[in-house]
Amino acid sequence: MISETVIIGGGVIGLAIAIELKLRGTNVTVLCRDFQAAATHAAAGMLAPDAENIPNGAMRSLCWRSRALYPDWTRKLEELTGLNTGYRACGILAPVFEEAGGQGGRGAGEQGSRGESLSSSSPSSPAYWLNKEAIHQYQPGLGAEVVGGWWYPEDAQVDNKALAHVLRTAAESVGVELRDGITVEGFLQQQGQVVGVQTNAGIIRAAHYVLASGAWSNELLPLPVLPRKGQMLSVRIPEVSPELPLKRVLFGQDIYIVPRRDRLVIGATSEDVGFIPNNTPEGIQKLLQAAIRLYPQLKHYPIQEFWWGFRPTTPDELPILGTSHCQNLTFATGHYRNGILLAPVTATLIADLILEQKSDPLLADFHYSRFQSKSSTSTPMLTHSANFSNGHHSAISPLPTQDSPLIIAGKTFQSRLMTGTGKYRSIEEMQQSIAASDCQIVTVAVRRVQTKAPGHEGLAEALDWTKIWMLPNTAGCQTAEEAIRVARLGREMAKLLGQEDNNFIKLEVIPDLKYLLPDPIGTLQAAEQLVKEGFAVLPYINADPMLAKRLEEVGCATVMPLASPIGSGQGLKTTANIQIIIENAGVPVVVDAGIGSPSEAAQAMELGADALLINSAIALSPNPAAMARAMNLAAVAGRLAYLAGRMPIKDYASPSSPLTGTITS
């Protein structure tokens, strides 16, 4: 049976949505590579929009609404399973130290304004200031440096591990199909619809799809969701202790302590280190130092456990919720620190959206389009003109009518020069150079855009993608498997930037980090798979005529032989082989890599190459825009020379002005 809805991700968000959809009568399948790896298991379970000091606006409204749903939501789950979620409407205490008085929104110096502003903006969510005497009486055992604190009676907690177990049990009990060990590798799309997901178990199809894979969402689509590592630990509360036990959640400066039945949960670091696993001495030391300062007696408690997890964070630290670029794909990801808190409201809003096409007004503030290009208002793409030190250049006149346009995978281009976006000293230089080149195809390194590598920050917004055709590339991939995965992300990146029909990919498989020579076997393997998935593959290769022919036979849209090692500027070192490739090719031949000067660019075109791809020679020039224009002129001149035909080479001189018919004395 094909499920009506497939949910990708088995954390608290994915399971909450699955249960809500199933209870409303929809068949649901949840795909998860590892249920134990979800961020749910690495949280503390605080439901703390007030203690977190979430700013006014849509996010605070969303959090408050979800917190209000928690009592009924957890009661429903407990009735379905007979298990306890550990939900407690306990309130949260936020002590402050003296030096925090003027910092960060929790200091004693904000005593009046913070309490009043919370009370006035939401009478149902008050905050109370406790002075030094009151807070030490209210919670004995706090550190001597605590000079006061805020009491947030509406905040609560839930046992995150218990909740994860209850959600999975509830999903099974209502008939959700849970498939563990399933790695989703990519979305299969046609005409603005997802028609299936490619997985390690084959293609899985549904009528609707929900992306709820948290910190791993960026591996499937080029959404700005990245992992933020958090380390945590717990200490065991001694059975016989002279001190009064901690009864309240303590939310301190860069630390929190959450009391459970027999232990204290302490967290959490916030580390931008990608998916690097494991606890570190530095991380645990910071947590223990801060926790002991806040609640000194725990220094005598035995350590019970260490763990870590990856929170899914976005640039504005707000979730991505709602519709996507495909009609039957919904986003529910990027919840960062608030995934457990926002589970009930996310489940309700997403179920309403999918089943009733009812979009809550709040969803507009969390739509993925807030990260899309705003080129018309920020850094607009320059028109095809550029200022040089000696004035303006004029447009190139079109090529003679006997020349046909460049056609790649059925798409027509007038320019035969492609350029790149890497190695420039600034975004502005890159914009000016692309404009000066008059190119229509620009290659973009998918991985560097994803990771915001230097020089690639804001790249998506820097160019006008209604005028430039994006050529995503798999730069940085060392294996065929990596390249296939990054190619899928590249296609989604193009779609998110408005190029719905863009299936182009520049395929690079380069395990050799010294000479950056492409792997012929890996390239062929990746090309075969990508062609099957509907990509227009433009493979970067050594100037190997046999490999070029084989790639053409498997369905590649072009072949792209190197002139010399990439970035070397050595010029045409493979002329003879490139000529053989050109003579035997039935697809466009694009000379890529190694060209360092316009004369070399012209020479490559004179050989009969259909196009050039030039990046380093332009970007590393002292005047990139001027060099880009020079490369454009060279490509045009070389093409015209090829079409016109070269004069014969002779072994002897031949005068330009013949002697016959001259006047003699």
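These numbers come from the heavy atoms of this one structure, side chains and all, not from hydrogens, waters or symmetry mates. Note that the numbering runs from 1 along the sequence shown for the chain.
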Self-check item: Evaluation steps, ring pair (Phe, Tyr, Trp, His ring centres under 6.0 Å), between W150 and F251
Solution: CA-CA 9 Å; W150 293 100; F251 195 99; over 10 Å; no
[atom2] on [Y] to [atom1] on [X], rounded to 0.5 Å:
X: S217; Y: I320; atom1: OG; atom2: CD1; value: 7.5 Å
X: T330; Y: L363; atom1: OG1; atom2: CG; value: 10.0 Å
X: L167; Y: I17; atom1: CG; atom2: CD1; value: 11.5 Å
X: L62; Y: N338; atom1: CG; atom2: CG; value: 9.0 Å
X: T81; Y: H165; atom1: OG1; atom2: NE2; value: 7.5 Å
X: T85; Y: Y70; atom1: OG1; atom2: OH; value: 8.0 Å

Distance-only, no hydrogens or angles: does the [X] side chain make a donor-acceptor pair with backbone N or O of [Y] under 3.5 Å?
X: T333; Y: S213; value: no
X: R236; Y: Q304; value: no
X: D352; Y: K358; value: no
X: N27; Y: G175; value: no
X: T74; Y: Y87; value: no
X: N218; Y: L226; value: no
X: N328; Y: Q193; value: no
X: D155; Y: G91; value: no
X: R168; Y: A164; value: no

Practice problem: For atom CD of Q357, decide whether the heavy atoms of other residues, nucleotides or ligands shown that lie under 6.0 angstrom number more than 12. | Solution: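 Enclosed: over 12 neighbouring heavy atoms sit under 6.0 Å from CD of Q357.
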Practice problem: Look at atom CD of E185 and say whether more than 12 heavy atoms of other residues, nucleotides or ligands are closer to it than 6.0 Å. | Solution: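 Enclosed.
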Please name the pair of heavy atoms, one in [X] and one in [Y], separated by the smallest distance, quoted to 0.1 Å.
X: A332; Y: L321; answer: CA-CD2, 3.9 Å
X: V225; Y: P312; answer: CG1-CB, 3.8 Å
X: V210; Y: I354; answer: CG2-CD1, 3.6 Å
X: M232; Y: I284; answer: O-CD1, 4.0 Å
X: P315; Y: P224; answer: CD-O, 3.3 Å
X: P222; Y: E492; answer: CD-CB, 3.0 Å

Exercise. For residues 318-358, pull every pair meeting ring pair (Phe, Tyr, Trp, His ring centres under 6.0 Å), keeping only residues two or more places apart or in separate chains.
Key: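 Every pair satisfying ring pair (Phe, Tyr, Trp, His ring centres under 6.0 Å) with a residue in residues 318-358: F331-Y368.
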Self-check item: Residue pairs passing the ring pair (Phe, Tyr, Trp, His ring centres under 6.0 Å) test where at least one lies in residues 169-209, sequence neighbours excluded
Solution: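 Sorted pair list comes back empty.
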Quiz item: Can you find a heavy atom in the side chain of K495 that is under 4.5 Å from one in the side chain of C326?
Solution: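 Answer no - side chains too far apart.
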Quiz item: Quick one: are L294 and Y256 in side-chain contact, heavy atoms under 4.5 Å?
Solution: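 The answer is no, as the side chains (C-beta and beyond) never meet within the 4.5 Å cut-off.
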With sequence neighbours excluded, residues passing side chain to side chain contact (heavy atoms under 4.5 Å, CB included) with [X]:
X: A351; value: E20, L21, R24
X: A201; value: R179, I182, T199
X: N131; value: W129, E133, A134
X: E79; value: R75

Practice problem: Could you check R228, Q231, K229 and say which one makes a side chain to side chain donor-acceptor pair (under 3.5 Å) with E271? | Solution: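 Of R228, Q231, K229, side chain to side chain donor-acceptor pair (under 3.5 Å) with E271 is met by Q231 alone.
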Quiz prompt | Under the salt bridge (Lys or Arg N to Asp or Glu O under 4.0 Å) test, residues paired with K299 that sit two or more places apart | solution =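 For K299 there are no salt bridge (Lys or Arg N to Asp or Glu O under 4.0 Å) partners, ignoring immediate neighbours.
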Quiz prompt | Those residues that, when tested against K247, pass salt bridge (Lys or Arg N to Asp or Glu O under 4.0 Å) (two or more places apart) | solution =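 So K247 forms no salt bridge (Lys or Arg N to Asp or Glu O under 4.0 Å) with any residue.
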Quiz prompt | Residue pairs fulfilling salt bridge (Lys or Arg N to Asp or Glu O under 4.0 Å) with at least one residue in residues 317-337, sequence neighbours excluded | solution =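 Found E52-R337.
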Practice problem: Taking the six-membered ring for Trp and the full ring for Phe, Tyr or His, determine whether the centres of F275 and W216 are under 6.0 Å apart. | Solution: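 Centroid distance F275-W216: below 6.0 Å, so yes.
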Quiz prompt | Those residues that, when tested against T323, pass side chain to side chain donor-acceptor pair (under 3.5 Å) (two or more places apart) | solution =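 Partners of T323 by the side chain to side chain donor-acceptor pair (under 3.5 Å) criterion, ordered by chain and then number, come out as H367.
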Quiz item: Could you walk me through whether L77 and I19 pass the side chain to side chain contact (heavy atoms under 4.5 Å, CB included) check?
Solution: CA-CA 9 Å; L77 293 173; I19 293 166; 4.1 Å; yes
Quiz item: Taking atom types as modelled and ignoring hydrogens, do the side chains of E154 and Y152 form a donor-acceptor contact shorter than 3.5 angstrom?
Solution: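 On atom types as modelled, these side chains do not qualify, holding no pair under 3.5 Å.
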Exercise. State whether a side-chain donor-acceptor pair under 3.5 Å links E4 with T26.
Key: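 Their side chains do not contain a donor-acceptor pair, so the 3.5 Å distance test is not met.
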Quiz prompt | Verdict with supporting geometry, K76 and D72, side chain to side chain contact (heavy atoms under 4.5 Å, CB included) | solution = CA-CA 6 Å; K76 177 176 69 176; D72 290 340; over 6 Å; no
Exercise. Under the ring pair (Phe, Tyr, Trp, His ring centres under 6.0 Å) rule, collect the residues that match up with Y138, sequence neighbours excluded.
Key: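 Here the qualifying residues are W151.
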Practice problem: Give the C-alpha distance, both sets of side-chain angles, the deciding distance and a yes or no for side chain to side chain contact (heavy atoms under 4.5 Å, CB included) between T280 and T269. | Solution: CA-CA 11 Å; T280 63; T269 64; over 6 Å; no
Under 3.5 Å, sequence neighbours excluded: what are the donor-acceptor pairs made by side chains of residues 257-265?
residue : atom : partner : partner atom : Å
R260    : NE   : Q157    : OE1          : 3.2
R260    : NH2  : A44     : O            : 2.3
R260    : NH2  : V158    : O            : 3.3

Self-check item: Verdict with reasoning, I204 to T29, per side chain to side chain contact (heavy atoms under 4.5 Å, CB included)
Solution: CA-CA 10 Å; I204 297 174; T29 297; 5.6 Å; no
